[in-house]
Amino acid sequence: MLQDITFKKKVLSILNGLHFGKKILWIILMIFAVLALYPVFFLILGSFMGNDELAVYLGAVISNKEGYVNFPLLPQYPTLQHFVEIFLDSPEFFVMFWNSIKITFGVLAGQLVVGTMAAWGFAKHEFFGKKGFFLIYMILMLMPFQVLMLSDYLVLDKFGLINTLVGIILPGAFSTFPVFIIYRFFKEIPDSLIESAKLDGAKEWQLFVYIALPIGSSGIIAALVLGFLEYWSLIEQPLTFLKDKGLFPLSIFLPDITLISKSGMAFAASVVTFLPAVLVFLGGQDYLEQGIMAGAVKE
């Protein structure tokens, strides 16, 4: 009897220790989360501060004044002035906004067509050099833009696509990354299901439309969400391939932050720019998790 009581006490002490350790871990993670999110809070708060208030807090950085940067938890005199300036007094903002819409959704439409078909071909068809081509796809996926920049520029220049939105959309539509994500989902479709559909007289396009797309929808959505996050925030490609500022996307719209009169507008423009990306990320978070899990599985 005493042994049972002693054993239960030991178990309870261990459980209490684990519970306490879990609390400590949560506290540490919360601290890191706050530190990671602080720049976002800093950005949002700055967008609601007036230029005079920003001059006081950021003058040491922007205006080369003496002292240190001091940023409060809440603005003393909150204002929507900077958002009004963006939406009512900045026509170039709307031009760049629609450029971003055209680029992002043009790329996503291309990836939806090209990426799904390429992934279906790699997942469920056998052809000469399949492994070699897929290896090339993976190598291209790992290469940063800086490596392919010169070759992309020469090809686009040859086709007369420099300084056009098509020159930004076309390379993105043929990106290899969505193929890698969607391929994993198509690969999981049972071959017996496809063979049964073929015996019932289904054609190739019917297999793709009525079996592949519905079953692989999670992977497709995950790829589109990642594509949106990437191409909504493009910076290097537009600066490289576009010369006309009227074609620049919203990600490049940033007033001269070195001028104190434009710093608040810069804060507000940054908030408006990253807000759609945050909403898309939150809406597709579950699909992103499935895509990451599928991408982590080795064949």
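Not measured: the values here are computed from a predicted model.
Under the 6.0 Å cut-off for aromatic ring centres, F48 and F267 do not qualify, their centroids lying 6.0 Å or more apart. Aromatic pair Y137/Y183: ring centres not closer than 6.0 Å.
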query = Step by step, would you call V95 with F248 a side chain to side chain contact (heavy atoms under 4.5 Å, CB included)?
reply = CA-CA 8 Å; V95 173; F248 281 179; over 6 Å; no
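Considering only heavy atoms from C-beta on, F186 comes within 4.5 Å of I189 through its side chain. Contact of the F87 side chain with the V272 side chain is registered, since non-hydrogen atoms from C-beta on lie closer than 4.5 Å. Side chains of F159 and V166 form no contact here, defined as non-hydrogen atoms less than 4.5 Å apart. With a 4.5 Å cut-off on side-chain heavy atoms, L193 and I215 count as touching. Residues P178 and V114 are not in side-chain contact: their nearest non-hydrogen atoms beyond the backbone lie 4.5 Å or more apart. Considering only heavy atoms from C-beta on, F241 stays 4.5 Å or farther from T164 through its side chain.
The CG atom of L140 sits 13.5 Å away from the CZ atom of F174 when rounded to the nearest 0.5 Å. Atoms CZ and CG, from F274 and L279 in turn, are 9.5 Å apart once rounded to the nearest 0.5 Å. The distance from the OG1 atom of T116 to the CZ atom of F208 is 3.5 Å, given to the nearest 0.5 Å. In this structure, the separation between CG on L234 and CG on N99 is 12.0 Å, given to the nearest 0.5 Å. Taken to the nearest 0.5 Å, the CD atom of Q237 stands 9.0 Å off from the OG atom of S251. Residue E236 holds its CD atom at 10.5 Å from CD1 of I252, rounded to the nearest 0.5 Å.
Counting non-hydrogen atoms of neighbouring residues, nucleotides and ligands closer than 6.0 angstrom, the CZ atom of F127 exceeds 12 such neighbours. Shown here is F145, whose CZ atom has more than 12 heavy atoms of other residues, nucleotides or ligands within 6.0 Å. Enclosure of atom CZ in F133 is not indicated, since only 12 or fewer non-hydrogen atoms of other residues, nucleotides or ligands lie within 6.0 angstrom. Residue K245 qualifies as open at atom NZ: its count of foreign heavy atoms under 6.0 Å is 12 or below. Around NZ of K124, the count of heavy atoms belonging to other residues, nucleotides or ligands within 6.0 Å exceeds 12. The environment of CZ in F94 is crowded: more than 12 heavy-atom neighbours from other residues, nucleotides or ligands sit within 6.0 Å.
Here the closest non-hydrogen pair linking I103 and P249 is CD1-CB, 4.1 Å. Closest approach of F185 to S218, counting heavy atoms only: CE2-CB, 3.9 Å. Of all heavy-atom pairs between S217 and P214, the closest is OG-O, 3.0 Å. Across all non-hydrogen atoms, the minimal contact from A222 to I181 is CB-CG2, 4.4 Å. The two residues L108 and L224 make their nearest non-hydrogen contact at CD2-O, 3.5 Å. Among all heavy-atom pairs drawn from Q111 and S175, the shortest one is NE2-CB, 3.7 Å.
Formation of a donor-acceptor pair under 3.5 Å by the H125 side chain with backbone atoms of K130 is not found in this model. At distances below 3.5 Å, not a single donor-acceptor pair connects side-chain atoms of T104 with backbone N or O atoms of F228. Formation of a donor-acceptor pair under 3.5 Å by the D244 side chain with backbone atoms of G246 is found in this model. The backbone N or O of I182 sits nowhere less than 3.5 Å from a side-chain atom of W120 that would complete a donor-acceptor pair.
M149 and Y231 fall within the same hydrophobic cluster, where Ile, Leu, Val, Met, Phe, Trp and Tyr residues are linked whenever their side-chain heavy atoms come under 4.5 Å apart, directly or through other members. Transitive grouping of hydrophobic side chains (ILVMFWY, heavy atoms separated by less than 4.5 Å) keeps L35 and F41 in distinct clusters. Cluster membership check: L226 shares its hydrophobic cluster with L142, using side-chain heavy-atom separations under 4.5 Å among Ile, Leu, Val, Met, Phe, Trp and Tyr. Both Y38 and V278 are members of a single hydrophobic cluster when ILVMFWY side chains are connected at heavy-atom separations under 4.5 Å. Linking Ile, Leu, Val, Met, Phe, Trp and Tyr residues whenever their side-chain heavy atoms come within less than 4.5 Å leaves L275 and V225 in two separate clusters.
Classified by interplanar angle (parallel below 30°, tilted 30° to 60°, perpendicular above 60°), the ring pair Y210/W205 is tilted.
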